[in-house]
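Below, each value reflects all heavy atoms present in this structure, side chains not excepted, and no hydrogens, waters or symmetry copies. Numbers for residues simply follow the sequence, beginning at 1.
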Amino acid sequence: MSDRFSLQGKNILITGASSGLGKQCAIACSELGAKVILIGRNEDRLKSVYSNLKGTGHFFVKMDITEYSEIETVIDDLVSKMGKISGFIHSAGVDMTKPLRVLKPADYETSYAVNVISGYEFAKVISKKKYSDDGTSLVFISSIMSLLGQPGKIAYCSSKSALISGVKAMALELSVRRFRVNS
């Protein structure tokens, strides 16, 4: 019987991979045998995480994930080098603490751009047949704060709630290709 948790032969792309949960997901995926693609804004931290990965064949890409027009170019380049994407973890996130009275539209725009829209844009590109096979897994890191709320976290909590709702719809839409979509 094979190891049910093995990621051997899988290519896993992770946003927010230079720190926090993204970093830990990257290390864990590499320990399970995956080739990991690290995406983040800080090249020094990406290099540090990269040096902690097990195995070979990993890549890292320094990019601002809110530059949506660059996503397909990056994925196309990666797929040409390592093969189709088997899994995606959207771990990038912005968490700010600001009370309602000082929040500005730009604060909401930043939260939604990083926490929600960029992940959906990656999923849209990855879900193309030339970049993934049927049965690909998409995981979006959400937060219990999407359900509980917290004073001073309106932008964060609402963006994570939007993420969960969108993931439910995406799971239904991509089920025809046996994609697994979770948050």
Regarding Arg41 and Asp64, does a basic nitrogen lie under 4.0 Å from an acidic carboxylate oxygen?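 Looking at Arg41 and Asp64, the cut-off is not met.
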
Backbone N or O of [Y] within a donor-acceptor pair of the [X] side chain at under 3.5 Å?
{"X": "Arg177", "Y": "Ser132", "result": "yes"}
{"X": "Asn115", "Y": "Lys160", "result": "no"}
{"X": "Ser165", "Y": "Ala162", "result": "no"}
{"X": "Ser86", "Y": "Ile12", "result": "no"}
{"X": "Tyr108", "Y": "Ile154", "result": "no"}

Go through the steps for Phe60 and Glu43 under the test side-chain contact (heavy atoms from CB on, under 4.5 Å), then give the verdict. CA-CA 9 Å; Phe60 68 87; Glu43 188 169 357; 4.1 Å; yes

Might you point out which heavy atoms bring Ser91 and Gly22 nearest each other, and give the distance in Å?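 Minimum heavy-atom contact is OG-N, 3.0 Å.
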
Taking the side chain as everything from C-beta on, heavy atoms only, tell me whether Asn11 gets closer than 4.5 Å to Lys84.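 Of all side-chain heavy-atom pairs linking Lys84 with Asn11, none is under 4.5 Å.
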
Less than 4.5 Å apart, any side-chain heavy atom of Leu13 and any of Phe122?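 With C-beta onward as the side chain, the pair touches.
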
Output, in order, the C-alpha distance, side-chain angles, deciding distance and verdict of side-chain contact (heavy atoms from CB on, under 4.5 Å) for Met82 and Ile37. CA-CA 10 Å; Met82 51 190 317; Ile37 304 157; 3.4 Å; yes

Supply the atom-to-atom distance Lys47 NZ to Leu38 CG, rounded to the nearest 0.5 angstrom.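 Taking NZ in Lys47 and CG in Leu38, the distance rounds to 13.0 Å.
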
Only one of Ile14, Ile89, Ile65 forms a side chain to side chain contact (heavy atoms under 4.5 Å, CB included) with Ile39, so which one is it?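 Looking at Ile14, Ile89, Ile65, the match for Ile39 under the side chain to side chain contact (heavy atoms under 4.5 Å, CB included) is Ile65.
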
hydrophobic_cluster_shared for Met96 and Leu163, side chain cutoff 4.5 Å: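 Yes; tracing contacts between hydrophobic side chains, which count when under 4.5 Å, links both residues.
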
Cluster overlap Leu7 with Val79, hydrophobic side-chain contacts below 4.5 Å: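 No, it is not one cluster - the side chains of Leu7 and Val79 are not joined through contacts under 4.5 Å.
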
Got a sec, which pairs hit ring-ring contact (aromatic ring centres under 6.0 Å, His included) with one end in residues 125-158, sequence neighbours left out?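 For residues 125-158: Phe88-Phe140.
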
Does the side chain of Ser18 pick up a donor-acceptor pair with the side chain of Lys23 at under 3.5 Å?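 Note: Ser18 and Lys23 side chains miss the donor-acceptor criterion.
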
